[in-house]
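For reference, the structure is listed below as structure tokens.
Note that the structure is a prediction, hence the values are computed from the model and not measured.
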Amino acid sequence: MEHFYVWRFDKWKRWLVIVLVALFTATFFWFEQDGAFSVFSSEEEPVALSKGNANETNIALTFNISWGEERVFDILKRLEQDHVQATFFVSGEWAERHPEIIEKITKSEHELGMLGYRYKSYIEQDIEQVKKDLLKAREAFEKLGLKDINLLRPPSGHFNKEIIKLAEEMGFKVIHWNVNPNDWKNPGTNKIIDTVMKRASNGDIILLHASDSVKQTANALKTILPGLKNKGFHFVSMSELINQAHANSELIE
């Protein structure tokens, strides 16, 4: 015979369970939205910037590149046609292999940041390995004549307080994002457009990709760039967004 055990709750206990479940569900969906992150606003905590000044209409359009050499040209062409400045985060290993593309990016007056040297999650490495990767990345950029690269987006957006602290000690500013349409998954041009257009707000950092894995991003930009301009937003570099007063800082866990 099967036995079923039934918990009996008083009325107030039932309501308590309902409230706790609702809170848990809301928290879960909040964390799932654009990559789970927690907010640390204390100046004593190491932080990663994921949003600029919400009182300004400026937004930063950022692209990650870690492999490939084809898709980036269509994206650069689209940015030029719409007179939009962006920030490109590239791995040191990729930069070494494609100095001519790096030159094209910088000559087009876009900003450069780094994704470390090898595109490998920092939280899967010990802190000394992370430091070696950052030093190697810095050396790679310096050999290309780029000595002032101080914007860092850790590979896959994976980092913790220890990694941010190390980065800050080495003179880097850690940059995350708060609008992510996951264009690298190629979810459909309209899906990319809808995600960006619906979520974009003052001070946002938008994450897109320019590696060869993306097949729909350039087409999506045809609508996104003029669409955001029509909404009154202004595209600026990450450095300009950082320089705005009262920027909010958030930390990935």
(Q) Check Glu169 with Lys165, please: is the shortest side-chain N to carboxylate O separation under 4.0 Å? (A) yes
**Q.** Donor + acceptor pair across side chains of Thr217, Asp183 (<3.5 Å)
**A.** yes
Q) Can you tell me how far the CD1 atom of Ile123 sits from the CZ atom of Phe159, to the nearest 0.5 Å? A) 10.0 Å
Q. Can a salt bridge be assigned to the pair Glu142 and Lys147 using a cut-off of 4.0 Å between side-chain N and carboxylate O?
A. no
Q: Kindly give the heavy-atom pair with the smallest separation between Leu152 and Gly116, and that separation in Å.
A: CD1-N, 3.9 Å
Q: Give a yes or no on whether a salt bridge exists between Asp133 and Arg118, defined as a side-chain N under 4.0 angstrom from a carboxylate O.
A: no
Q.
I'd like to check Lys131 versus Ile127 (side-chain heavy atoms, cut-off strictly below 4.5 Å). Are they in contact?
A. no
Can you give each donor-acceptor pair under 3.5 Å made by side-chain atoms of residues 85-92, sequence neighbours left out, with the distance rounded to 0.1 Å?
| unit_1 | atom_1 | unit_2 | atom_2 | d |
| --- | --- | --- | --- | --- |
| Gln85 | NE2 | Glu109 | O | 2.9 |
| Thr87 | OG1 | Glu111 | OE1 | 3.1 |
| Thr87 | OG1 | Met238 | N | 3.0 |
| Ser91 | OG | Trp94 | N | 3.1 |

Q.
Tell me if a side-chain donor or acceptor on Asn186 pairs with a main-chain N or O of Ser213 at a distance below 3.5 Å.
A. yes
Q: Given side chain to side chain contact (heavy atoms under 4.5 Å, CB included), test Glu56 with Val236 step by step and report yes or no.
A: CA-CA 11 Å; Glu56 299 287 342; Val236 299; over 6 Å; no
Q. Measuring from Thr62:OG1 to Ile175:CD1, what's the distance to the nearest 0.5 Å?
A. 9.0 Å
Q. Given side chains that start at C-beta, do those of Leu166 and Val130 come closer than 4.5 Å, heavy atoms only?
A. yes
(Q) Measuring only between side-chain heavy atoms, which start at C-beta, is Lys51 closer than 4.5 Å to Trp177? (A) no
Q. So, are Asp74 and Arg78 salt-bridged, with charged N and O less than 4.0 Å apart?
A. no
Q.
Determine whether Met170 and Leu135 satisfy the following criterion, side chain to side chain contact (heavy atoms under 4.5 Å, CB included), listing intermediate values before the conclusion.
A. CA-CA 9 Å; Met170 295 179 67; Leu135 288 172; 3.6 Å; yes
Q: For Glu93 and Tyr119, run side chain to side chain contact (heavy atoms under 4.5 Å, CB included): C-alpha distance rounded to whole Å, both residues' side-chain angles, the deciding distance at 0.1 Å, then the answer.
A: CA-CA 8 Å; Glu93 190 174 34; Tyr119 197 77; over 6 Å; no
Q. Are Leu112 and Tyr117 grouped together when hydrophobic residues (ILVMFWY) are joined by side-chain heavy atoms under 4.5 angstrom apart?
A. no
Q) Is the backbone of Ser201 close enough, under 3.5 Å, to the side chain of Asp204 for a donor and an acceptor to pair up by distance? A) yes
**Q.** Set of side chain to side chain donor-acceptor pair (under 3.5 Å) partners for Ser108, sequence neighbours left out
**A.** none
Q. What distance do Thr189 atom OG1 and Asn219 atom CG have between them, rounded to the nearest 0.5 Å?
A. 5.0 Å
Q: For Ala167 and Val174, work out which heavy atoms get closest and say how close.
A: CB-CG2, 3.6 Å
Q. Can you name the closest pair of heavy atoms from Gln244 and Asn58 and give their distance?
A. NE2-ND2, 2.6 Å
Q) Donor-acceptor pair, Asn160 side chain versus Glu162 backbone, under 3.5 Å? A) yes
Q. Do Phe63 and Leu207 have side chains that get closer than 4.5 Å, going by heavy atoms?
A. no
Q: Go through the side-chain N and O atoms of Ser156 and Lys120 and say whether any donor and acceptor fall under 3.5 Å apart.
A: no
Q.
Would you say Met197 ends up clustered with Val84 if hydrophobic residues are merged whenever their side chains have heavy atoms under 4.5 Å apart, either directly or through other cluster members?
A. yes
Q) Closest approach of Pro187 and Pro181, non-hydrogen atoms and distance? A) CG-O, 4.0 Å
Q: Drop me the distance from Ile205's CD1 to Leu49's CG, to the nearest 0.5 angstrom.
A: 4.0 Å
Q: State, with a plain yes or no, whether a side-chain heavy atom of Pro154 is found less than 4.5 Å away from one of Leu115.
A: no
Q | Verdict with reasoning, His110 to Thr106, per side chain to side chain contact (heavy atoms under 4.5 Å, CB included) | A | CA-CA 5 Å; His110 298 298; Thr106 55; over 6 Å; no
**Q.** Sidechain N-carboxylate O distance under 4.0 Å for Lys132, Glu128
**A.** no
Q: Answer yes or no: are there more than 12 heavy-atom neighbours, outside Asp148 itself, under 6.0 Å from its atom CG?
A: no
Q | Spatial distance of atom CZ (Arg138) from atom CD1 (Ile149) [nearest 0.5 Å] | A | 10.5 Å
Q) Does Asn202 reach the side chain of Ile59, with side-chain heavy atoms less than 4.5 Å apart? A) no
With a cut-off of 3.5 Å and sequence neighbours excluded, list every side-chain donor-acceptor pair involving residues 64-73.
| unit_1 | atom_1 | unit_2 | atom_2 | d |
| --- | --- | --- | --- | --- |
| Asn64 | OD1 | Arg153 | NH1 | 2.9 |
| Glu69 | OE1 | His98 | ND1 | 3.3 |
| Arg71 | NE | Val214 | O | 3.0 |

(Q) If you count heavy atoms of other groups shown closer than 6.0 angstrom to NZ of Lys231, is the number above 12? (A) yes
Q. Heavy atoms, side chains only, cut-off 4.5 Å: are Leu225 and Leu79 in contact?
A. yes
Q: Of all the heavy-atom pairs spanning Ala220 and Ile192, show the shortest one and how long it is.
A: CB-CG2, 3.8 Å
**Q.** Salt bridge present between Lys143 and Glu139 (N-O < 4.0 angstrom)
**A.** yes
Q) Could you give the distance from NE2 (His234) to CG (Leu228), rounded to the nearest 0.5 Å? A) 12.0 Å
Q: Determine whether the side chains of His176 and Ser50 contain a donor N or O and an acceptor N or O closer than 3.5 Å.
A: no
**Q.** Donor-acceptor pair between Gln129 and Tyr122 side chains, under 3.5 angstrom
**A.** no
Q) Below 4.5 Å, heavy atoms only, C-beta onward: do Ser239 and Lys173 meet side chain to side chain? A) no
